[in-house]
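Each remark here refers to the structure printed beneath this line.
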Amino acid sequence: MNKEQLYPQSIEKLYEKIEFIIENEQNQEKVLQLTNWVDWFKSQKYDFKYVCNDNEFLKIYFNDDKYSLQVWKHNDDIDSIEFNLLSNYYSEYDNELTEIIE
C-alpha cells in the first residue's frame, strides 16, 4: 500500500482501502466486521463534509456493535486519534464535530 492508501483523506479513498483489505484478508471474522462497518456507514446516509488537514487521515473503528468514523493524525513516530466524526456510541474521542447516531 502506498501512503495515500495507508492514510486516506477522503471517504472514497477510505472505501478503496477497505476493499483492498477485504480482498486480501484471510480472517473471515475481520472481513465480516469490515463489511458490517461499511453497511452501517452507508445506512447512515451521512453527508461527509470534513476536509482532512495535511497530516490527518480517516480510519474506521468497530468493536461488537460499536462503529465510528474517526479522524487520526499521522506523525513520523506515531499515529493518534483526534476525534470521531460519526459514531453510534458515546466516546472520549467525541467533540463538537462528532455526530452520534444511536
Enclosure of Tyr93 OH (heavy-atom neighbours >12, cutoff 6.0 Å): no
Step through the shown structure and confirm whether more than 12 heavy atoms of other residues, nucleotides or ligands are within 6.0 Å of CG on Asn63.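 Above 12, so yes.
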State, with a plain yes or no, whether a side-chain heavy atom of [X] is found less than 4.5 Å away from one of [Y].
{"X": "Trp37", "Y": "Ile18", "answer": "yes"}
{"X": "Phe62", "Y": "Asn36", "answer": "no"}
{"X": "Leu34", "Y": "Ile60", "answer": "yes"}
{"X": "Phe57", "Y": "Cys52", "answer": "no"}
{"X": "Leu85", "Y": "Tyr46", "answer": "yes"}
{"X": "Lys42", "Y": "Tyr15", "answer": "yes"}

Nearest non-hydrogen partners of Lys17 and Leu6, listed with the distance: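 Of all heavy-atom pairs spanning Lys17 and Leu6, the closest is NZ-O, 3.1 Å.
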Contact summary for Asn27 and Glu29, nearest pair of heavy atoms: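 Minimum heavy-atom separation between Asn27 and Glu29: OD1-N, 2.9 Å.
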At what distance, to the nearest 0.5 angstrom, does [atom1] of [X] lie from [atom2] of [Y]?
{"X": "Asn88", "Y": "Ser68", "atom1": "CG", "atom2": "OG", "answer": "8.0 Å"}
{"X": "Gln70", "Y": "Asp94", "atom1": "CD", "atom2": "CG", "answer": "9.5 Å"}
{"X": "Tyr50", "Y": "Leu97", "atom1": "OH", "atom2": "CG", "answer": "6.5 Å"}
{"X": "Glu16", "Y": "Lys13", "atom1": "CD", "atom2": "NZ", "answer": "4.0 Å"}
{"X": "Glu19", "Y": "Leu14", "atom1": "CD", "atom2": "CG", "answer": "10.0 Å"}
{"X": "Tyr90", "Y": "Ile100", "atom1": "OH", "atom2": "CD1", "answer": "4.5 Å"}

Working note: Phe48 + Leu69, criterion side chain to side chain contact (heavy atoms under 4.5 Å, CB included); need CA distance, chi angles, decisive distance, verdict. CA-CA 10 Å; Phe48 186 82; Leu69 172 63; 3.8 Å; yes
For a side chain to side chain contact (heavy atoms under 4.5 Å, CB included) check, start with the C-alpha distance between Tyr61 and Ile81, then their side-chain angles and the critical distance, and finish with the verdict. CA-CA 11 Å; Tyr61 172 83; Ile81 185 171; over 6 Å; no
Which residues pass the side chain to side chain donor-acceptor pair (under 3.5 Å) test with Asn75, not counting sequence neighbours? none
Can we call the ring centroids of Trp40 and Tyr67 under 6.0 Å apart? yes
Backbone N/O of Trp72 and side chain of Asp79: donor-acceptor pair under 3.5 Å: no
For the side chain of Asn24 and the backbone of Phe20, is there at least one donor-acceptor N/O pair under 3.5 Å apart?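 Yes: the side chain of Asn24 pairs with the backbone of Phe20.
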Can you tell which of Asp54, Asn53, Leu58 makes a side-chain contact (heavy atoms from CB on, under 4.5 Å) with Glu56? Asn53
Looking only at side chains, do Asn55 and His74 share a donor and an acceptor under 3.5 Å apart?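 There is no such pair (donor and acceptor under 3.5 Å, judged by atom type) between the side chains of Asn55 and His74.
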